[in-house]
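Heads up, the thing below is written out as structure tokens.
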Amino acid sequence: MAISRYEEMNDMKLDIFKEMGSIGGGNAATALSSMLNARVSMALPRAEILEFNDALARLGDPEIVIAGVLVELTGEIQGIMLFIIPEEFSDEVLFRMLGKTRTALLELDEIESSVLTEIGNIVISSYVTALSSLAGVEVELSVPQLAVNMLGGIMSLPMAMMGQQSDRIMMVTGEFNIDDKALNSGMLLLPDVESLNILMKKLGVD
Amino acid sequence: MTKKISVGIADMKIARQEGELITYALGSCIGVAFYDPMIKLGALLHIMLPEKNMSESNVYKFADSGIKETLRKLYAFGAMKGRLVIKIAGGAKMFEMKGPGGLGNIGERNAQNVKRVLAAEGLRVAKEDTGANYARTMSLDVSTGQVYIRSAGKKERML
């Protein structure tokens with residue numbers, strides 16, 4: 001049965017999205033692994049429906065500075081994918097790609113910024129490719145955008161998008177580990193309500 | 001130590017005489033600080049979207065319904081329209097979005113609508129720090145009416 005609000009998603013339906021997150025994230029981890037030439041794994045993803053403030057609290061201190069790579073999804077699935085890169089993850093990536101030791105996120109130069117954008121792009125596109133072939137949906141991706149700022153500010157855009165339909169947001173989150181180090185990176189899939197219906201229908205669970 | 005009262009997203013808090021109302025990391029959202037210096041009554045509102053588009057929803061999520069509800073409460077607590085000092089912050093453009101969602105300029109639309117709704121209520125904005133591409137934490141000290149803004153990598157400043 002089609003839903004009209006995030007609140008109508010039950011645990012079984014959320015499990016489907018957790019599974020999708022696991023497949024998408026697995027594919028993204030493989031891509032990241034070959035790019036960084038390191039062992040990359042993904043912690044078990046979560047699919048949750050949370051009120052705005054709870055969602056933000058789940059992600060961390062709203063004032064902490066992070067880099068976010070954002071891609072807008074259009075086509076049969078509408079929504080946002082956001083890859084959250086905290087400083088420790090950025091350090092690890094820049095060290096492996098450029099041999100840099102430490103760069104504060106607010107002081108990234110052009111090359112470092114484009115490396116992070118590209119990492120985000122690869123992670124997001126491999127995630128979405130896995131998802132769209134699994135569900136048989138056509139999804140177009142926008143050009144990736146990088147922003148470095150307070151977590152709360154970065155999240156305001158996806159929240160405003162979800163906020164037009166609901167007082168809650170649905171997040172499918174996943175975290176990457178590089179060589180078994182947990183680096184708090186976050187992969188967020190934020191689909192709109194209509195896309196949930198499309199995905200569930202395509203997967204035969206509605 | 002003044003008591004900190006945290007205002008969430010799509011939320012509003014009122015304090016009188018003392019305390020610091022604070023809302024963290026406003027991106028495209030707008031923080032609206034209301035203060036009546038005569039009775040030391042302050043409110044901080046954190047809105048997310050310009051206009052109410054659904055009936056069953058948190059009123060503080062939107063500029064129009066949020067401002068109206070905040071004013072209703074402030075007037076009930078004894079605030080006078082002629083004394084209210086209003087300062088706003090936020091409305092940043094965190095990402096350069098070009099997609100069809102029209103969200104790229106949500107911050108700007110929020111700022112415009114906040115000002116439009118305030119003007120319709122016969123109020124004007126005394127100070128503002130809006131736009132650009134960075135998030136702002138905004139606080140209102142209810143004992144003095146002073147509003148402070150801090151951003152990543154910048155010194156805290158008084159608005």
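Side chains are part of it too, since the values below use all heavy atoms of this structure and drop only hydrogens, waters and symmetry mates. Numbered from 1 within each chain, the chains take letters A, B, ... in sequence-line order. Not measured: the values here are computed from a predicted model.
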Report yes if the side chains of A:L188 and A:M81 come closer than 4.5 Å at any heavy-atom pair, otherwise no. no

Is B:N110 close to chain A through its backbone or its side chain, or both, or neither, when contacts mean heavy atoms under 4.5 Å? neither

Can you list the residues of residues 67-88 of chain B that sit under 4.5 Å from chain A, counting heavy atoms only? none

Only heavy atoms, only distances under 4.5 angstrom. Which residues in residues 150-159 of chain B are near chain A? B:R150, B:S151, B:A152, B:G153

With a sphere of 6.0 Å drawn around [atom1] of [X], does it hold more than 12 non-hydrogen atoms of other residues, nucleotides or ligands?
X: B:Q17; atom1: CD; value: yes
X: A:L106; atom1: CG; value: yes
X: A:E7; atom1: CD; value: yes

B:D11/B:K13 salt bridge by N-O under 4.0 Å criterion: yes

A:K100 bridged to A:D109 by N-O distance under 4.0 Å: yes

So what's closer than 4.5 Å to chain B heavy atoms on [X]: side chain, backbone, both or neither?
X: A:R5; value: side chain
X: A:L73; value: neither
X: A:M159; value: both
X: A:L105; value: neither
X: A:E107; value: neither

Do [X] and [Y] get their side chains close enough for a donor-acceptor pair, meaning under 3.5 Å?
X: B:T137; Y: A:E63; result: yes
X: A:D192; Y: A:S195; result: yes
X: B:Y148; Y: B:Q146; result: yes

Check whether any side-chain N or O of A:E8 sits under 3.5 Å from a backbone N or O of A:S4 as a donor-acceptor pair, and report yes or no. yes

Single hit among A:S114, A:P144, A:S126 for side-chain contact (heavy atoms from CB on, under 4.5 Å) with A:N121: A:P144

Residue pair A:V93, A:V115: steps toward the side chain to side chain contact (heavy atoms under 4.5 Å, CB included) verdict: CA-CA 8 Å; A:V93 165; A:V115 165; 4.1 Å; yes

